[in-house]
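Encoded as structure tokens, the structure appears first; notes follow it.
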Amino acid sequence: MKKFILGTIITVLLLIIVISVQQGLLLAKPLPYDDEQTGLSTQITIHLSHVVAENTPKGQAANKFAELVEEKTAGKVKVHVYANASLFNDENEFRALQKGDVEMIVPTFSKMTTYVPSWQVLDLPYLFHTEEQIHEVLTGTIGEQLLAELEPLRLRVKGLGFWYNGFKHLTSADQPIHTFEDLQGLRIRTMPSRTLEKQFEAVNAKPTSVSFSELFTDLETHTIDAQENTASNIYSKGFYKVQKHMTITQHGILGYAVLINESFWNSLPEKIQKQIIAAMKETTEWQFEQARSMNDQDMQKLMQQDHFNVYTMSKQERLRFKEQLTPVYDFYKTHIQTNDILTEIEKVVTP
């Protein structure tokens, strides 16, 4: 009986050992190839933050870029877009990009002049006359020169391109702006560009730097009397609800630099970099047409708003306005200009 029990115990132990060895061999074998899981492990995620609404030229371009990147990389790269300053606002987004807290941002080039002063050339008033001129400058060799100026500054960011929003116009709260004299004494919102500040100082206005995300509230509370912007931003952000007047001036342009964290960019395979650049070029061409269309549509919507007056500055008054702003060019040439980019732009825009 004892021998039987002992034999049974030994048999059970041997079975346990055999089963354990078999399980170990199974675990040691490579798992079957799973394409879906492999794709997940190699997928690259890009977080793109911007501060405007989705239904704007920049908002639409960001979504188009995300779509094209996913298409051109066959899903290996996924771009997540965060609109309306939901991730970072225009005061802290650049620092977040430098730190790697976000991979991409699309700030106005006016905001970037704090770091790249020479970009103030794009803030000069009445520099451009047509959208074709703007396209040639921003997407051609001059645009490449401007982006290249990021490299020696060691800002830890790389420029992928420029996007365009449109020509800027003026809105005001209490009095219409029919002549540049009407701007005298008004507290007007500007971005942190010395050239933009000089522009409004030249007409005796009071330029005040305000974050885009705070602008509606400051206009609503009359902390700010007036502001400059494109039709698409004025409509999409509802500025017409807290301003009474708009003057079509086309005195300047609003555009953006598409920036990516440099360390992140350098970590990408060369093939992926080329695919992202291809997506950027295609988006940029699409975006210029979209900006033109959206601004035309939103301008019509603004003209249909009750209690919001849209006025077109006369040709004569625009010439007077332009002449009054001549000192801004003198300021730029004396205090900002470090190369011949203005001369190159003037060759493009001169009739």
Side-chain angles (χ1 to χ4, degrees), residues 48 50 56-58 60-62 64-65 68-69 72 104-113 115-153 155 157-168 191 193 195-196 230 232 250-260 262 265 270 273-296 322 328-329 332-333 336-351:
L48 188 159
H50 68 80
T56 59
K58 177 162 69 172
Q60 292 293 307
K64 181 70 172 179
F65 175 69
L68 287 174
V69 166
K72 291 182 182 298
M104 289 185 69
I105 62 171
V106 193
T108 64
F109 42 62
S110 301
K111 279 279 186 180
M112 285 299 297
T113 59
Y115 308 96
V116 196
S118 61
W119 284 13
Q120 290 181 65
V121 68
L122 299 173
D123 283 332
L124 288 169
Y126 290 110
L127 178 61
F128 297 98
H129 311 299
T130 68
E131 291 182 321
E132 288 72 24
Q133 293 171 350
I134 299 166
H135 180 273
E136 183 175 349
V137 168
L138 294 185
T139 65
T141 56
I142 295 175
E144 291 174 0
Q145 284 179 261
L146 290 168
L147 291 173
E149 292 186 8
L150 289 166
E151 296 175 17
L153 297 176
L155 296 171
V157 303
K158 177 180 175 58
L160 296 181
F162 288 111
W163 288 346
Y164 169 66
N165 186 311
F167 279 105
K168 292 187 290 186
M191 289 176 281
S193 162
T195 296
L196 291 180
T230 61
S232 63
Q250 293 189 322
H251 63 279
I253 67 167
L254 182 63
Y256 312 101
V258 186
L259 306 177
I260 192 166
E262 189 173 51
W265 176 258
E270 184 178 356
Q273 290 180 346
K274 289 180 179 179
Q275 291 167 333
I276 290 175
I277 289 172
M280 177 57 57
K281 288 182 178 179
E282 186 173 337
T283 300
T284 299
E285 291 301 316
W286 177 88
Q287 190 269 335
F288 262 83
E289 291 302 317
Q290 190 75 356
R292 180 181 305 183
S293 174
M294 292 190 74
N295 276 295
D296 288 345
K322 182 177 181 179
V328 182
Y329 281 77
Y332 175 81
K333 292 174 182 178
I336 307 298
Q337 184 168 278
T338 57
N339 50 41
D340 59 355
I341 284 185
L342 175 56
T343 302
E344 293 301 310
I345 293 176
E346 288 176 332
K347 290 178 183 177
V348 173
V349 302
T350 301

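Computed from a predicted model, the values in this text were never measured in an experiment.
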Looking only at heavy atoms, which two atoms of G159 and L259 are closest? And how far apart? CA-CD2, 3.8 Å
CD on E346 to CG on D340, rounded to 0.5 Å: 11.0 Å
Atom of V69, atom of A279 and distance for their closest heavy-atom approach: CG2-CB, 3.7 Å
Give, for atom CZ of R292 and atom CD of E131, the distance between the pair rounded to the nearest 0.5 Å. 4.5 Å
4.5 Å side-chain heavy-atom contact, Q120 and V328: no
Interatomic distance, CG@D123 vs CD1@I253, rounded to 0.5 Å, equals 8.0 Å
Main chain of A61, side chain of Q287: is a donor-acceptor contact present, judged purely on distance under 3.5 Å? no
Qualifying residue for ring-ring contact (aromatic ring centres under 6.0 Å, His included) with W119, from F162, F109, Y332, Y256: F162
Side chains of T284 and F65, heavy atoms from C-beta outward: is any pair under 4.5 Å? no
Go through the steps for N165 and S232 under the test side chain to side chain donor-acceptor pair (under 3.5 Å), then give the verdict. CA-CA 8 Å; N165 186 311; S232 63; 3.0 Å; yes
In short, Y164 meets F167 closest at the heavy-atom pair OH-N, 3.5 Å
Check for a donor-acceptor pair, side chain of Q275 on one end and backbone N or O of K72 on the other, with a separation under 3.5 Å. yes
Any idea which heavy atoms bring M280 and L160 closest together, and the distance? CG-O, 3.5 Å
Side-chain donor-acceptor pairs of residues 137-152 under 3.5 Å, sequence neighbours excluded:
| unit_1 | atom_1 | unit_2 | atom_2 | d |
| --- | --- | --- | --- | --- |
| T139 | OG1 | H135 | O | 2.6 |
| E149 | OE1 | S118 | OG | 2.1 |
| E149 | OE2 | N339 | ND2 | 2.7 |

May I ask you to decide whether K274 forms a salt bridge with E270, counting only side-chain N to carboxylate O separations under 4.0 Å? yes
Evaluate the side-chain proximity of I345 to L124: yes if any heavy-atom separation is below 4.5 Å, no if none is. no
Determine the minimum heavy-atom distance between L196 and K168, stating which atoms define it. CD2-NZ, 3.7 Å
Kindly indicate whether the side chain of W163, heavy atoms from C-beta on, has any atom under 4.5 Å from the side chain of V258. yes
Would you call K64 and E285 a salt bridge, taking side-chain N to carboxylate O under 4.0 Å as the test? no
Nearest-0.5 Å distance that lies between atom OG1 in T350 and atom CD in Q133: 8.5 Å
Using modelled atom types and a 3.5 Å cut-off, is there a donor and acceptor pairing between side-chain atoms of T113 and backbone atoms of S110? yes
Has E262 got a side-chain atom pairing as donor or acceptor with L155's backbone, closer than 3.5 angstrom? no
Should Y329 and L127 count as side-chain neighbours, where that means a heavy-atom distance under 4.5 Å? yes
Please name the pair of heavy atoms, one in G166 and one in N295, separated by the smallest distance, quoted to 0.1 Å. CA-ND2, 3.9 Å
CD-OG1 distance between Q60 and T56, expressed to the nearest 0.5 angstrom: 7.0 Å
What distance do H50 atom NE2 and M104 atom CE have between them, rounded to the nearest 0.5 Å? 11.0 Å
